[in-house]
Student: 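One structure, as structure tokens, below. Some questions next.
In each ligand, atom 1 is the first atom listed, and ligand 1 is the first ligand listed.
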Amino acid sequence: EKGGFEHFMLKEIHEQPKALTDTLRARIKNEGKKAINLEEIGFDASWAEANRVVITACGTAWHAGVIGKYAFEHFARIPVDVDIASEYRYRNPIYNPKDIFIIISQSGETADTLAAMRMAKKSGARIIAITNVVGSTLAREADLVMYTWAGPEIAVASTKAFTTQLMCLYLIAIQFGVLRGTLNDAELGAAVEALENIPAEAEKILSDKENIQRFAYLQTNKTKVFYMGRLFDYAVSLESALKLKEISYTHSEAFAAGELKHGPIALVDESTLLVAICTQDNLFDKMDSNIKEVKARGASTLVITWDDVSYFDKTADEVFRIPRTMASLSPMLAVIPAQLYAYYVSILKGLDPDKPRNLAKSVTVE
Ligand code: F6R
């Protein structure tokens with residue numbers, strides 16, 4: 001059942017290239033020029049009349065939503081609000097008849113997420129569901145469903161559901177851009193081609209996993225791990241820190257790198273490991289000085305960056321490289337080393353990554 005892997009989590013991490021391909025394949029058309037086809041799910045031009053997109057979810061799915069916000073801004077130039085479902089449902093949100101909601105849930109059964117979805121629906125807004133479970137409550141109640149064809153996710157820590165949620169969000173964001181006229185044919189073609197290359201690039205990262213396994217040693221004597229990045233890398237930091245705390249019980253947190261000076265730096269000492277995610281080339285110099293500030297206080301440092309970047313070689317203790325793609329698509333790749341890192345630290349500590357204490361796969365009660 002684990003397909004030769006020691007744990008479901010490792011198996012599911014390895015299933016990402018196939019899951020990403022399956023999620024993408026049916027939604028691409030190639031009639032002379034490459035384009036996105038979301039007619040299958042009923043996403044027509046009327047959806048693009050929205051004035052605002054509101055994304056709501058919990059946990060890892062919320063992290064996908066944060067990336068979705070950056071993606072929608074980038075590709076479709078549309079305002080986006082992202083909310084944690086348990087916050088959203090107790091707020092007094094302002095509705096606009098032209099809002100559309102994107103509700104993300106692997107299981108499609110998370111209580112807070114469903115409650116937020118029902119509130120939005122009651123307001124008259126239209127709902128897009130991104131879910132992995134066919135026929136789930138979320139899938140049944142939404143106006144439009146986009147499935148993440150990831151297959152069953154057994155491990156408590158979400159991996160392939162996350163990257164396929166991202167793939168769905170990117171497809172919608174890019175198609176939104178096409179319908180709203182913010183992307184021209186050449187930009188669309190380049191984006192689709194980049195999406196099509198993601199599965200093979202993910203595979204390449206997996207084939208380099210011994211390198212990540214080697215970095216688990218960085219955890220020795222470290223009681224806290226910080227993840228930081230800017231823009232898309234900040235969102236990936238959130239997800240990376242969650243993975244590590246869930247399955248290795250390491251105190252980990254994530255922050256936007258620019259926030260370092262506004263608080264987190266007070267915690268930095270020799271017992272700190274800093275993982276800096278650096279895929280936004282125009283911000284490398286900012287990241288580099290942030291990393292130096294942390295290093296100067298005795299922390300160990302690991303950088304995740306592109307395979308053609310040597311910028312951080314002198315600054316960081318270790319550098320892990322991922323295949324280059326468009327900077328705006330980096331999360332689907334940059335998160336994979338962080339998933340593997342969390343897995344190997346869990347193993348190093350003698351824990352069972354598939355069954356983390358105190359956590360349930362599906363949170364159907366508040
Ligand atoms: C993290 C994790 C949780 C879920 C969250 C939402 O690895 O699995 O944070 O992402 O409970 O679950 P779904 O997506 O089923 O609504």
Side-chain angles (χ1 to χ4, degrees), residues 7-13 15-16 19 23 55-68 82-89 101-118 120 127-142 145-169 227 235-250 252-254 331 335-336 338-343 345-346 351-366:
H7 296 96
F8 282 111
M9 185 181 177
L10 192 60
K11 173 175 177 263
E12 289 163 7
I13 289 172
E15 283 170 346
Q16 289 179 112
T23 299
I55 306 179
T56 308
C58 297
T60 286
W62 172 65
H63 297 154
V66 176
I67 292 164
V82 192
D83 249 301
I84 294 167
S86 57
E87 286 294 304
Y88 186 83
R89 66 179 293 193
F101 279 71
I102 300 181
I103 313 279
I104 312 168
S105 172
Q106 188 282 131
S107 63
E109 304 294 346
T110 300
D112 285 322
T113 306
L114 291 176
M117 183 261 293
R118 287 170 182 149
I127 316 278
I128 298 176
I130 296 179
T131 182
N132 196 39
V133 178
V134 176
S136 58
T137 307
L138 175 59
R140 282 186 277 112
E141 294 188 22
V145 185
M146 189 164 185
Y147 285 110
T148 49
W149 297 118
E153 193 179 63
I154 311 289
V156 167
S158 185
T159 55
K160 61 178 180 172
F162 176 70
T163 42
T164 54
Q165 284 161 1
L166 296 181
M167 186 60 92
C168 288
L169 287 162
Y227 288 85
V236 173
S237 298
L238 293 171
E239 173 60 6
S240 304
L242 180 68
K243 285 290 91 89
L244 187 68
K245 71 174 66 129
E246 281 185 299
I247 59 168
S248 82
Y249 315 146
T250 309
S252 55
E253 61 173 293
V335 76
I336 297 175
Q339 295 168 340
L340 286 164
Y341 182 75
Y343 174 80
V345 172
S346 174
L351 302 169
D352 180 353
D354 283 347
K355 293 194 182 60
R357 67 186 181 203
N358 309 338
L359 294 173
K361 181 67 184 161
S362 192
V363 185
T364 53
V365 290
E366 269 189 71

Student: Given a heavy-atom cut-off of 4.0 Å, could you list the residues near ligand 1 in chain and number order?
Tutor: Cys58, Gly59, Thr60, Ala61, Ser105, Gln106, Ser107, Thr110, Val156, Ala157, Ser158, Leu242, Lys243, Glu246
Student: May I ask you to check whether Thr148 and Gln106 show a side-chain donor-acceptor distance below 3.5 Å?
Tutor: no
Student: Which residues pass the salt bridge (charged side-chain N to carboxylate O under 4.0 Å, His left out) test with Lys245, sequence neighbours left out?
Tutor: none
Student: Could you check whether any side-chain N or O of Asp352 sits under 3.5 Å from a backbone N or O of Asp354, counting only pairs where one atom can act as donor and the other as acceptor?
Tutor: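 Yes; at least one donor-acceptor contact below 3.5 Å.
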Student: Between Thr23 and Trp149 (side chain of the first, backbone of the second, donor and acceptor by atom type, cut-off under 3.5 Å), is there such a pair?
Tutor: yes
Student: Considering residues at least two apart in sequence or located in another chain, which fulfil the salt bridge (charged side-chain N to carboxylate O under 4.0 Å, His left out) criterion with Lys243?
Tutor: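 Lys243 satisfies salt bridge (charged side-chain N to carboxylate O under 4.0 Å, His left out) with Glu239, Glu246 only.
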Student: Scan residues 101-112 for pairs that pass salt bridge (charged side-chain N to carboxylate O under 4.0 Å, His left out), counting only residues two or more places apart or in two chains.
Tutor: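 For residues 101-112, and leaving out neighbouring residues, the salt bridge (charged side-chain N to carboxylate O under 4.0 Å, His left out) pairs sorted by first residue read Arg89-Asp112.
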